[in-house]
Asker: 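After the structure tokens below, expect a handful of questions from me.
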Amino acid sequence: MRRRSRAEPAMKTGGRSPPLLPPSPPLPINRNNLEASARLRLLLPPPPPPLPFSPLARRRLAATRIGAAPRPQQRSPPPRAERPRRPHHYWCGMAEVAAGTGQLIGVAVATLLAAIFLAAALLGSRRRRRRAPLAGKPAAVGGCGVADGEGCGGDGRTDVIVVGAGVAGSALAYTLGKDGRRVHVIERDLTEPDRIVGELLQPGGYLKLIELGLEDCVQEIDAQRVLGYALFKDGKDTKLSYPLEKFHSDVAGRSFHNGRFIQRMRQKAASLPNVQLEQGTVTSLVEEDGTVKGVKYKTKSGEELKAYAPLTIVCDGCFSNLRRALCSPKVDVPSCFVGLVLENCQLPHANHGHVVLANPSPILFYPISSTEVRCLVDVPGQKVPSIANGEMAKYLKTVVAPQIPPEIYDSFIAAIDKGSIRTMPNRSMPAAPHPTPGALLMGDAFNMRHPLTGGGMTVALSDIVVLRNLLKPLRNLHDASALCKYLESFHTLRKPVASTINTLAGALYKVFSASPDQARNEMRQACFDYLSLGGVFSNGPIALLSGLNPRPLSLVAHFFAVAIYGVGRLMLPLPSPKRMWIGSACGIIFPIIKAEGVRQMFFPATVPAYYRAPRPMESIPCYCCFLSSSSSSSSRRRKSRWDRADEIPEDVEMGMGEIEAAGELTATRIETAGELPAPRIETAGELPKGAQIGMGEVVVVIAVIRRFTWMGDECML
């Protein structure tokens, strides 16, 4: 029922008339007052208010107007002082409208806050997983994630044991030692090695060498610059140069004596006070409850000892006797290399490697010094002609010599007559690791490919860069199970580079080798003609070969482009099913891709371990850890964190030889690293030792430090 307003008379009840209303005060006579007075006297309902927005209020107000007379039209609204009071139900409707609107606004605000909270929770959990990959890490003490009473190595002696001091082992020892780790390297023989492989470093590998700070190891060993390749087939040749236009003039391939290069790297590693090189033969791994605790080895004097460390990295080469405990080795030996050294030989194309597509398999020539050229003759199979009874010399003179370029012929015959012929089996082994707490495989002990493309050292150095970035944010390596799970990302992050070089090496060897299959021989000729086209047809494959563009999709695209190019030629003048040999290309490359792993090779982001890698900004070394591992004055240790550059004392050194004097820093505000002039320095590790730091370079270092200070509680400058 509609409530009666104060101006309405009461209804008759009980046969009695309602009391009369008190007389109203006299009002001015005008149309509005007369209409209002008439409504009061005739008991007419008030005019209906405008319909509100609430459906409930609209229905209630509509019920009050049932049977009511239509409201007469008003010509003009009364003045504000003379307007009659609005009925009570009008304000009730408006209150309901306001309440409904408030509820809608409340629901919207609550939904928005819930969405923001959920997004923040998900983002925070993801950041925590990335920032703290090891569960159960001790609380930071003085800015370093090390528990009370422990050094950075836990036992105070060794953080990492490296088995083997070849290219991978020496480079890894120097890299970890430069980051402040205590490294113990055990090498079977510390004298200069003499090998016929591992003598060509591709430009991509040289870039990794620069990134690790080891570029000076190719100096003072008479290393030769390599600018590309030259292909020879049936009296024709084509030159393929590395696409180095976008790089510094010093970037190129390098060829050298393998032993000289390794000795330089060993000297560089041993120059660090926290790296110990020891000659000894590792006989086995020391395991406790499925966790590798260290190694057992024999010293040079024959004494048997044990060495312990939280992490043991095995880099003992292609003949490793420890890999069976850490992986499932499937070693394939498709051929052997027969090595010669040609003296005082001038190659047809200076500063280029030479590949002769001979029968039955390729022949390589490249300089290893200013007066020497290495010749590697590939012999298919695991058995080679005997060197002792002269069968090898006869084979080289009668089968190989007629196929080499005439400019090299005389030097080749002279090297055979000299008698310094050596052989080396070519091994291929895809990476198939067994995640083992406390241990890791690297180098040729972990993954091998055919040495035709010279990509072994490029893969090894690239793996070291990946591992360095993974280990940098970790201060304590003693949680072996958590560390093992975290380092599973290493096997995923290395795949794009490693699998591209591995697949290319295996595919090119099969394409460049002669075969009784006519389709394979046609593809061999098509590959030579395709590369001879120049431009993008040669730059793309040579960029893959050099390690400058290690992209698996680019490799597959160029490989099938060669196949389609060959098919197109064979379709003329008339197509036939026998000419459609593109299936031969699939039979070459698909088994190699399958062995490497399709998912990890092409879709590494879909592998869960891929996301265990720390962000690049978290790959900053702990300076106080480095100070604790090197002799320094007390003034260098009195403070390990500064928020502003002008707070750093002048007598404090800022890092591992990269920055000499912190007192030269004057910047107090950093905007963006993008303001740096070229050349741009990405990380402090790229600065040469003893370099004077200018304003442009310091901006990057301080910007990284400032940002890292905001993002976490790790120790930093």
Side-chain angles (χ1 to χ4, degrees), residues 166-167 188-189 191-200 232 255-263 316-321 331-347 353-369 371-429 444 448-454 456-457 505 509-510 512-515:
V167 174
R188 182 180 57 84
D189 186 4
T191 60
E192 182 176 320
D194 183 16
R195 301 179 63 194
I196 65 173
V197 293
E199 298 174 321
L200 179 61
F232 295 81
S255 55
F256 37 70
H257 282 274
N258 175 266
R260 298 176 187 176
F261 179 59
I262 290 179
Q263 288 299 97
D316 54 348
C318 60
F319 300 103
S320 172
N321 61 342
V331 181
D332 181 30
V333 184
S335 63
C336 296
F337 267 160
V338 178
L340 299 168
V341 176
L342 282 59
E343 298 180 349
N344 300 317
C345 173
Q346 295 296 327
L347 294 173
H354 292 58
V355 181
V356 181
L357 304 186
N359 190 0
S361 52
I363 307 170
L364 301 180
F365 296 91
Y366 52 87
I368 57 175
S369 71
T371 59
E372 298 169 304
V373 172
R374 170 68 69 189
C375 172
L376 295 175
V377 179
D378 186 85
V379 179
Q382 301 183 16
K383 294 183 179 180
V384 297
S386 173
I387 298 177
N389 59 14
E391 292 182 1
M392 178 63 72
K394 181 180 179 181
Y395 173 82
L396 295 176
K397 289 183 178 180
T398 57
V399 178
V400 178
Q403 303 183 72
I404 64 175
E407 297 90 339
I408 314 175
Y409 182 84
D410 293 339
S411 299
F412 183 77
I413 297 298
I416 297 173
D417 294 337
K418 188 177 180 180
S420 56
I421 303 175
R422 303 178 58 189
T423 61
M424 174 78 178
N426 296 326
R427 296 168 177 258
S428 176
M429 184 186 73
D444 284 347
M448 293 181 286
R449 78 285 313 147
H450 197 283
L452 174 68
T453 58
M457 290 188 289
Y509 177 72
K510 292 182 178 181
F512 284 174
S513 298
S515 172

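Heads up: numbering here begins at 1 and tracks the sequence. As the structure is a prediction and not an experimental result, all values here were calculated from the model.
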Asker: Rounded to the nearest 0.5 Å, what separation is found between the SG atom of Cys336 and the CD atom of Gln382?
Answerer: 7.0 Å
Asker: Can you name the residues that form a side-chain hydrogen bond (donor to acceptor under 3.5 Å, both in side chains) with Arg374, not counting sequence neighbours?
Answerer: Glu199
Asker: Quick check: do Leu340 and Leu396 have side-chain heavy atoms less than 4.5 Å from each other?
Answerer: yes
Asker: Please evaluate residues Asp332 and Met429 with respect to the criterion side chain to side chain contact (heavy atoms under 4.5 Å, CB included), reporting the C-alpha separation (whole Å), side-chain torsions for both, the decisive distance (0.1 Å), and the verdict.
Answerer: CA-CA 6 Å; Asp332 181 30; Met429 184 186 73; over 6 Å; no
Asker: Measuring only between side-chain heavy atoms, which start at C-beta, is Leu452 closer than 4.5 Å to Leu364?
Answerer: yes
Asker: Are side-chain heavy atoms of Leu347 and Val373 found at a separation under 4.5 Å?
Answerer: yes
Asker: Residues in side-chain contact (heavy atoms from CB on, under 4.5 Å) with Ala393, at least two apart?
Answerer: Ile416
Asker: Please check: side-chain N/O of Glu391 versus main-chain N/O of Ile387, any donor-acceptor pairing under 3.5 Å?
Answerer: no
Asker: Within the 4.5 Å heavy-atom criterion, are Leu342 and Ile408 side-chain neighbours or not?
Answerer: yes
Asker: Rounded to the nearest 0.5 Å, what separates atom CZ in Arg260 from atom OG in Ser369?
Answerer: 6.0 Å
Asker: Would you please name every residue forming a side-chain contact (heavy atoms from CB on, under 4.5 Å) with Ser513, sequence neighbours left out?
Answerer: Ser361, Pro362, Tyr509
Asker: Can you name the residues that form a side-chain contact (heavy atoms from CB on, under 4.5 Å) with Asn426, not counting sequence neighbours?
Answerer: Ser335, Phe337, Asp378, His450, Pro451
Asker: Passes side chain to side chain contact (heavy atoms under 4.5 Å, CB included), Val338 versus Met392? Steps please.
Answerer: CA-CA 9 Å; Val338 178; Met392 178 63 72; 3.6 Å; yes
Asker: Write down the atom of Gln403, the atom of Asn359, and the distance for their closest heavy-atom approach.
Answerer: OE1-N, 2.6 Å
Asker: Are the side chains of Met448 and Ser428 in touch, meaning some heavy atoms are under 4.5 Å apart?
Answerer: no
Asker: Tyr395: what forms a side-chain hydrogen bond (donor to acceptor under 3.5 Å, both in side chains) with it, not counting sequence neighbours?
Answerer: none
Asker: Just wondering, do Pro405 and Val356 contact through their side chains at under 4.5 Å, heavy atoms?
Answerer: yes
Asker: Would you check if Phe365 and Ile404 make a side-chain contact, meaning some heavy-atom pair closer than 4.5 Å?
Answerer: yes
Asker: Before giving the answer on side chain to side chain contact (heavy atoms under 4.5 Å, CB included), spell out for Cys375 and Val341 the whole-Å C-alpha distance, their side-chain angles and the decisive distance to 0.1 Å.
Answerer: CA-CA 6 Å; Cys375 172; Val341 176; over 6 Å; no
Asker: According to the side chain to side chain donor-acceptor pair (under 3.5 Å) rule, which pairs have a member within residues 407-421, sequence neighbours left out?
Answerer: Glu343-Lys418, Lys397-Asp417
Asker: Quick one: closest heavy-atom pair of Thr453 and Ala505, and the distance?
Answerer: OG1-CB, 3.5 Å
Asker: Quick one: list whatever passes side-chain hydrogen bond (donor to acceptor under 3.5 Å, both in side chains) with Arg422, sequence neighbours left out.
Answerer: Asp194
Asker: What is the minimum heavy-atom distance between Gly353 and Tyr366, and which atoms define it?
Answerer: CA-CB, 4.3 Å
Asker: Mind checking the NZ-OG1 spacing from Lys383 to Thr423? Nearest 0.5 Å is all I need.
Answerer: 14.5 Å
Asker: Do Glu372 and His257 pair up side chain to side chain, a donor and an acceptor below 3.5 Å, judged on atom types alone?
Answerer: yes
Asker: Taking only residues two or more places apart in sequence, or in another chain, which ones meet Ser386 in a side-chain hydrogen bond (donor to acceptor under 3.5 Å, both in side chains)?
Answerer: Asn389
Asker: Go through the structure and list residues passing ring pair (Phe, Tyr, Trp, His ring centres under 6.0 Å) with Phe261, not counting sequence neighbours.
Answerer: Phe256
Asker: Does some side-chain heavy atom of Gln263 sit less than 4.5 Å from a side-chain heavy atom of Pro193?
Answerer: yes
Asker: In chain order, what residues pass the side-chain contact (heavy atoms from CB on, under 4.5 Å) check against Asn344, with sequence neighbours excluded?
Answerer: Thr371
Asker: Who passes ring pair (Phe, Tyr, Trp, His ring centres under 6.0 Å) against Phe232, sequence neighbours left out?
Answerer: His354
